[in-house]
Every structure is written in C-alpha cells, then in structure tokens.
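A short write-up of the structure that comes next.
Chain letters run A, B, ... following the sequence lines, proteins first, then strands; residues in each count from 1. For clarity, every value in this text was computed on a predicted model and none was experimentally measured.
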Number of protein chains: 2
Amino acid sequence: MQLTKESIIAASLEILSEYGLADMTMRRLAAHLNVAPGAMYWHYKNKQALIDATARAVLQPLFDAPTAALEQACMRLREAMFSYRDGAELLSAALANPALRAEMEAVLAASARSDGLPRPDLAAATLLSFVLGSSMMDQAALQQAELQEITVADTGDAIRTLGVDSDNFTDGLRAVIAGMSN
Amino acid sequence: MQLTKESIIAASLEILSEYGLADMTMRRLAAHLNVAPGAMYWHYKNKQALIDATARAVLQPLFDAPTAALEQACMRLREAMFSYRDGAELLSAALANPALRAEMEAVLAASARSDGLPRPDLAAATLLSFVLGSSMMDQAALQQAELQEITVADTGDAIRTLGVDSDNFTDGLRAVIAGMSN
DNA sequence: ACCTGAACACCGTTCAAGT
DNA sequence: ACCTGAACACCGTTCAAGT
C-alpha cells in the first residue's frame with residue numbers, strides 16, 4: 001500500500017523500540033516499508049524532520065490529555081520517554097528544535113499555573129530541563145545495566161534506583177517544585 | 001611526530017570548536033593529524049572512548065579547581081560547555097557513561113556539602129540534570145539563531161536571553177538550590 | 001503525485017602486513 | 001610498539017527518470 005507520514009512514524013517507533021535510535025536510519029526504515037531509501041524524502045525533507053515527528057508521537061499523550069498537577073505532568077513526561085528504547089535520547093535530539101521545546105513548555109506552564117506557582121514559565125523551563133537531563137542519564141545507565149543483566153547476577157535493586165521510578169528523580173522533582181513555590 | 005592520546009584530544013577540541021560535533025569524526029581527525037584512520041584505534045578503542053576523553057578535557061577546569069559555592073560551580077559547568085561549539089551535546093553523549101557522571105556529581109556534592117545542604121548527593125544529581133538539560137537546549141537554540149544572524153536583523157536581545165548568561169538559567173538555578181535547602 | 005535506480009560523498013571499525 | 005593499506009558494511013541525501 002501507499003506510504004504516508006503516519007505509516008512512516010509507525011515504522012519509526014517500531015524500529016526504535018526493537019533496535020534503538022542508532023538503528024533508526026532512513027535506509028532501515030525504507031527497507032522495513034519495502035521502499036527505496038529515496039522514497040522517504042518525498043514525505044520528510046530530511047532525517048531531522050523525521051526525528052521531530054517521531055518525538056511528537058512519543059509526546060502525544062501529554063498534548064492530548066494535559067495533567068493539572070505539575071508534579072504529575074513531569075512524571076508523565078518521564079514515563080513517555082521511558083516507553084521507548086532510547087526515548088530520552090530521541091527527545092533530546094528533538095528538543096533542540098525551539099518550536100517543539102516551546103510547545104512542551106506551554107503544557108508544563110499550564111500545569112504550573114493551575115498549581116498557583118508565581119512564575120509558571122520559569123517553572124516550565126526549569127522542570128523540562130531537569131526531567132530531560134535526568135531521564136537521559138538514567139535511561140542510558142539503565143540500558144547499560146541491562147546489557148550486563150545476564151552476566152552480573154541480582155542487580156535488580158541497583159537498576160530499580162535508576163529506572164522510571166527512581167527515588168532520586170522523585171525527590172529531586174519535588175525539591176525543584178518546592179523551590180519554584182517560593 | 002608521534003601520535004599520543006594528548007595530541008588526539010587537542011585535535012579533537014580544535015575540530016569541535018571550528019566545525020562542530022558532526023564533523024568530529026575519526027576520519028577527519030586522522031586527516032587532521034596526517035595519519036591513516038586506523039591509527040586512531042591503537043590509542044582509543046572506539047569513538048565513544050574518544051568522546052569521553054574529549055568531554056573530560058572540557059570538564060578539566062572543574063576537576064582541577066573545584067568551587068566552594070554550589071551556585072558558582074553550576075555556572076562554571078555551564079560555561080565549560082559553552083566554551084566549545086556543541087559542548088553541551090558532547091557532554092550529554094559523554095555523561096551517558098555512569099563513571100563520568102559519578103565523578104561530576106562528586107564535584108557538585110562537595111560544593112553542596114560546603115554550602116551546608118541537607119542532602120548533598122541529591123542536590124548534585126538534581127543540579128547536574130538541570131544544568132545539562134538547559135545547556136543542551138539553550139546552546140542548540142543559540143546556534144540556530146546564529147545561523148540566521150546574517151539574514152534576520154537585530155536578534156541580539158533574543159540571543160542574549162538564551163546564551164551562557166540566560167536569565168532563565170540563573171533564576172532556575174537559584175530556585176532549584178532554594179528547593180534543596182529545605 | 002509518488003516512487004525507483006543509481007549515484008555521490010561520506011561514516012566507524014577491523015586487521016593483515018609493514019617498520 | 002605504532003602505523004598503513006585496504007577492505008567491509010554501512011550512512012544521509014539528491015535527482016533524473018519512470019509510472
């Protein structure tokens with residue numbers, strides 16, 4: 001059947017989950033869709049555009065159903081990134097685009113406002129930075145630990161302290177929000 | 001003359017400053033050093049090892065002369081990243097290495113302790129995440145703005161609000177530290 | 001409008017062989 | 001010990017030409 005922006009994104013998310021960001025190449029995507037590599041460029045002008053669109057798909061739950069409480073919104077952002085292999089790395093590549101960054105900050109700022117924070121825009125920018133930075137480093141560490149999961153026995157606890165539900169993340173998040181509350 | 005780890009790092013920092021991270025390739029580095037591409041692999045086992053070593057060089061000032069005050073330590077971290085083109089992106093690639101991350105957090109934790117914060121390790125982890133995340137996004141936006149500097153007139157103020165001395169960064173930093181002070 | 005074929009200019013990495 | 005030559009298996013992107 002015909003290639004569409006949507007079918008390309010679906011394939012993109014599949015490759016991401018199964019093989020990771022390094023294997024999310026234009027050529028592999030094309031092969032997965034039974035199409036010549038050049039075909040991709042009729043739908044997306046380059047790889048960066050594809051990365052942006054894929055990142056938007058990862059963030060879609062947050063755009064569709066915003067959360068009132070800022071803390072919960074940040075947790076959902078982290079969970080969205082952890083839903084896909086290399087999700088945080090993908091988002092860090094996409095958030096270099098100021099437009100996407102602004103959209104994401106707008107979502108968080110709305111939550112900050114409904115929480116009654118005095119400087120919602122500052123809170124949004126600060127929290128986006130924190131969640132992105134910590135998720136990137138934690139997901140990287142988590143995946144490195146998984147590579148040795150077979151070799152090293154019983155690292156379960158060490159891994160859990162770095163995963164989606166890391167204590168350092170939750171505590172840090174609450175401290176940052178406390179700092180924004182004056 | 002002979003190739004050394006040091007001469008390779010020096011060349012790496014030069015290419016980084018002049019052409020950016022995308023052009024910091026093993027082949028370009030080799031060409032710059034008048035050597036065959038394969039020669040690099042006698043000194044560094046792969047590109048990730050070279051990235052780590054280059055990132056360490058960028059962070060060297062912070063390791064050599066630690067700063068007592070946590071706020072100032074974070075400012076210096078940001079400045080170190082902004083000293084090189086794509087410096088923040090380079091560090092985000094390197095801080096995926098848990099060992100380097102731990103070293104950097106140890107430096108910040110020492111400052112947090114001398115500031116008398118109740119949870120210095122949490123403060124270090126939280127602030128590293130924040131500084132990394134915001135520096136990455138800000139430097140990306142800054143460099144995109146510079147690309148259009150010739151086309152668009154008088155964006156000086158807009159650029160300044162995103163640069164090393166961004167107001168959002170300083171205010172966010174202070175709020176985070178305030179949140180960690182209980 | 002949508003895609004193929006084929007090319008261009010690159011990558012990281014390995015490894016026998018040289019000195 | 002340190003490096004070259006040459007290859008292997010890839011990349012992103014462009015673009016004439018086909019349907």
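- Cluster annotation: B/Trp42 is not connected to B/Ile8 through the hydrophobic network of ILVMFWY side chains, with a link wherever side-chain heavy atoms come within less than 4.5 Å.
- Separation of the C1' atoms belonging to D/dA16 and C/dC2 is 15 Å when rounded to the nearest angstrom.
- Atom CD of B/Gln48 sits in a crowded spot, with more than 12 heavy atoms from other residues, nucleotides or ligands closer than 6.0 Å.
- Residues from residues 35-50 of chain A lying near DNA chain C, meaning a heavy-atom separation below 4.0 Å, are A/Val35, A/Ala36, A/Gly38, A/Ala39, A/Trp42, A/His43 in numerical order.
- The shortest distance between side-chain heavy atoms of A/Met24 and A/Leu21 falls below 4.5 Å.
- Between A/Met26 and A/Pro37 there is no side-chain heavy-atom pair separated by less than 4.5 Å.
- A/Leu59 has its side chain within reach of A/Phe63: a pair of non-hydrogen atoms, C-beta onward, lies under 4.5 Å apart.
- Side chains of A/Asp138 and A/Leu142 form no contact here, defined as non-hydrogen atoms less than 4.5 Å apart.
- Between A/Arg27 and A/Asn34, the one whose closest nucleotide on DNA chain C sits nearer the 5' end is A/Asn34.
- Using Watson-Crick or G-U wobble geometry with both donor-acceptor distances under 3.5 Å, C/dA1 finds its partner in D/dT19.
- Nucleotide C/dC10 holds its P atom 14 Å from the CD1 atom of B/Ile15, rounded to whole Å.
- Between the CG atom of A/Asp23 and the C1' atom of D/dA9 there is a distance of 13 Å, rounded to whole Å.
- For the C1' atoms, the distance from C/dC8 to D/dC10 is 15 Å, rounded to whole Å.
- The distance between atom CD1 of A/Ile8 and atom C1' of C/dC2, rounded to the nearest whole Å, is 11 Å.
- The partner of C/dC8 is D/dG12, by the rule that a Watson-Crick or G-U pair needs both atom distances under 3.5 Å.
- No side-chain heavy atom of B/Ile9 sits under 4.5 Å from any side-chain heavy atom of B/Arg56.
- In this structure, the CG atom of B/Leu29 is 16 Å from the P atom of C/dC10, given to the nearest Å.
- With P as the reference atom, D/dA9 and C/dA9 are 23 Å apart, rounded to whole Å.
- The side chain of A/Gln2 has C/dC3 as its nearest neighbour among D/dC2, C/dG12, C/dC3.
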